[in-house]
Structure formats: structure tokens, C-alpha cells
Amino acid sequence: MVEESGTGEAKAKYRYYRCVNTKRHKTCNAKRKTVRKQPIEDAVVKAIMEKIMDDNFLNKIAEAVMNLQTHESGALPLLKKQLVEVERGIQNMLNAIQAGIFNSSTKQRLDELEKEKSDLELNIAQEEMQRPMFTREQVICWLEYFRKTDIKSLDSRRILIDRFVNAVVVYDDYILITFNYKDGAKRISFSDIESSDLSLVGGPYDKPHG
């Protein structure tokens, strides 16, 4: 569906979503060829805010992010493991020196381990910059930030939808919102859409302009 607008009585402007086939091919088999823009978007924003206000949802997303970071950063754990082994080797060499075992071979091996340690630390730093790791607390804090969203702001509403919504599909009697996380979906009937009350969620609400 595509967004369109029109002017009614008393030059009042109306915005709605229209089946693209009615415009391109002059035909549409859908029951709802057009739907009003404001109630649909209010229902989507309300569904997002209800998720954000749910502590269980925030914890679920934080847990998913922690697991995702672990699986995606395969190189980093290996580098850190190698660093631990090298540091253990350095400590063993230092213990040997303290015990009186010091010769050219000992010094050469210690220099090699120190060089390897320096290279590993550099590689770890580069990997962490390319793939920043977030703590559970940081993820939850970021999600909680959206609880303060001013949902009367059109820009804020767009940010909410961009961050959390993958798609909104309009069926004959309901819409299906699929969120940007695994198994995340919500079905809302048109009777519920018409009665969506955004004053119950998020920040202060007034009908957004545009």
C-alpha cells in the first residue's frame, strides 16, 4: 500500500494508505482498498511502546544481544585465549630467570613472547573497535531510553518504527506487525485499531503533523 492524501469537505485534508494496484492497474481484490493513515500508525506506535514498557521484553532482547555478540565475534575470544597463553608463557620464563636460568636462548624466547603479546593486544584492540561489545546493562539502558519517546513527534515515531518494526501487513480484518527480532509479531484487529489510545503509553501525545 502507498500513502496518499485528499481534500474533503471544508477543505479538510485526509491521509490514507491505498492499495497500489488500484492506482497502477485500476483493480484490487483486497477487502480494504484504502485504510486511514492515522489509526494504523497510532496502532503500530502503541504496539511498539507496549513492548518497550515491558521489562520482560527488555530482558529478552538484552539476552538475545548477548548471545548474538558471542556468536558473531568468533575471532575475539580466540585472540584473548591466545593472549592468556602467551602471558602464562612469559610468566614461566620470568620464573625461570628468577631461578637462575638465564642465557641467550632464554632471552630470545622471552623477546619472542613479548613481541607476540604486543601483536595480540593490537589485534584485540582492532577487533574490539570493529565489533564493539555491549554489556547487558548498556543494552537495557538503550532500550529504556525509548520509554521517554515523545510520540506526538513525527520524527520520533519514524525512529521507533525504523528501530523496531520490520513490516506491517494489512489484511481484510486485521493488520500484522512483525518486529525486528526473532518470532516477534503482533496481530491487531481493525476494531482495536480504531480504538487505539496512545495517551496510555509513552510520552505526552497529540496527533502528529504530517
Side-chain angles (χ1 to χ4, degrees), residues 1 17 35 37-85 120-121 123-171 173-208 210:
M1 305 186 84
Y17 290 103
V35 292
K37 179 177 184 288
Q38 186 73 46
I40 288 283
E41 293 186 355
D42 282 355
V44 173
V45 170
K46 181 182 178 183
I48 297 169
M49 293 305 298
E50 286 174 346
K51 291 286 185 183
I52 295 170
M53 293 297 177
D54 182 356
D55 288 339
N56 290 329
F57 170 76
L58 265 59
N59 288 322
K60 178 181 177 180
I61 295 299
E63 187 66 29
V65 171
M66 295 300 100
N67 292 334
L68 186 63
Q69 288 184 145
T70 302
H71 288 110
E72 287 193 344
S73 300
L76 193 56
L78 179 59
L79 289 170
K80 289 183 175 180
K81 181 180 179 181
Q82 291 173 343
L83 179 60
V84 170
E85 292 173 353
L120 283 168
E121 288 175 337
N123 290 336
I124 288 171
Q126 291 174 337
E127 185 72 16
E128 287 177 338
M129 284 189 292
Q130 293 174 359
R131 298 175 181 270
M133 300 289 284
F134 299 99
T135 66
R136 184 187 187 91
E137 290 71 24
Q138 286 174 323
V139 174
I140 291 178
C141 183
W142 180 78
L143 290 168
E144 286 179 339
Y145 166 80
F146 289 101
R147 290 180 171 180
K148 302 175 183 178
T149 297
D150 180 5
I151 52 180
K152 69 181 179 181
S153 163
L154 184 60
D155 287 341
S156 296
R157 289 158 70 93
R158 283 173 175 163
I159 290 172
L160 278 176
I161 292 170
D162 286 344
R163 295 290 187 275
F164 293 96
V165 176
N166 178 270
V168 178
V169 183
V170 178
Y171 292 91
D173 300 311
Y174 65 92
I175 67 170
L176 183 68
I177 305 170
T178 55
F179 295 99
N180 284 328
Y181 63 94
K182 186 178 180 181
D183 301 325
K186 183 177 179 64
R187 174 173 166 165
I188 308 176
S189 69
F190 273 95
S191 59
D192 290 335
I193 289 171
E194 293 296 333
S195 62
S196 288
D197 185 0
L198 281 178
S199 66
L200 301 178
V201 292
Y205 173 70
D206 191 7
K207 288 186 178 180

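Throughout, residue positions are numbered sequentially from 1 according to the sequence presented.
In this structure, CG in L176 is found 9.0 Å from CD1 in I188, a value given to the nearest 0.5 Å. Rounding to the nearest 0.5 angstrom, the gap separating the CG atom in L154 from the CD1 atom in I159 is 10.0 Å. To the nearest 0.5 angstrom, L79 atom CG is 12.0 Å from K81 atom NZ. Remark: E144 CD to E137 CD distance equals 10.5 Å, nearest 0.5 Å. Distance CG/L143 to CG/L58: 4.5 Å, rounded to 0.5 Å. Between the CG atom in D162 and the CZ atom in R157 there is a gap of 13.0 Å [rounded to 0.5 Å].
Across all non-hydrogen atoms, the minimal contact from F179 to A185 is CD1-N, 4.0 Å. Across I177 and A47, no two heavy atoms sit closer than the pair CD1-CB, 3.8 Å. Scanning both residues, V170 and V35, for their nearest heavy atoms gives CG1-CG1, 4.3 Å. Across every non-hydrogen atom of I193 and A43, the tightest pair is CG1-CB, 4.0 Å. Annotation for A62 and I140: closest pair CB-CG1, 3.7 Å, computed over non-hydrogen atoms.
Contacts of Y17 classified as ring-ring contact (aromatic ring centres under 6.0 Å, His included), with partners at least two apart in sequence or in another chain: none. For K51, the side chain to side chain donor-acceptor pair (under 3.5 Å) partners are Y181, not counting sequence neighbours. With sequence neighbours excluded, the residues satisfying salt bridge (charged side-chain N to carboxylate O under 4.0 Å, His left out) with D55 are R147. Take T178 and apply the side chain to side chain donor-acceptor pair (under 3.5 Å) test, not counting sequence neighbours, and it matches no residue. Checked against side chain to side chain donor-acceptor pair (under 3.5 Å), N180 has no partners two or more places apart in sequence or in another chain. In this structure E63 satisfies the side chain to side chain donor-acceptor pair (under 3.5 Å) test together with R136, sequence neighbours excluded.
Between Y174 and D192 the shortest side-chain heavy-atom distance does not fall below 4.5 Å. Considering only heavy atoms from C-beta on, V44 stays 4.5 Å or farther from L160 through its side chain.
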For a side-chain contact (heavy atoms from CB on, under 4.5 Å) check, start with the C-alpha distance between E41 and I161, then their side-chain angles and the critical distance, and finish with the verdict. CA-CA 9 Å; E41 293 186 355; I161 292 170; 5.6 Å; no
side-chain contact (heavy atoms from CB on, under 4.5 Å) evaluation trace for F146 with F164: CA-CA 11 Å; F146 289 101; F164 293 96; 3.8 Å; yes
Report the C-alpha distance between D54 and K60 in whole Å, list the side-chain angles of each, state the deciding distance to 0.1 Å, and finish with yes or no for side-chain contact (heavy atoms from CB on, under 4.5 Å). CA-CA 10 Å; D54 182 356; K60 178 181 177 180; over 6 Å; no
I'd like to know whether T149 forms a side-chain contact (heavy atoms from CB on, under 4.5 Å) with I52, so could you lay out the CA-CA distance, the side-chain angles of the two residues, the decisive distance to 0.1 Å, and finally the verdict. CA-CA 10 Å; T149 297; I52 295 170; 5.7 Å; no
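A salt bridge is defined here as a Lys NZ or Arg NE, NH1 or NH2 lying under 4.0 Å from an Asp or Glu carboxylate O, and D173 with R187 fails to meet this definition.
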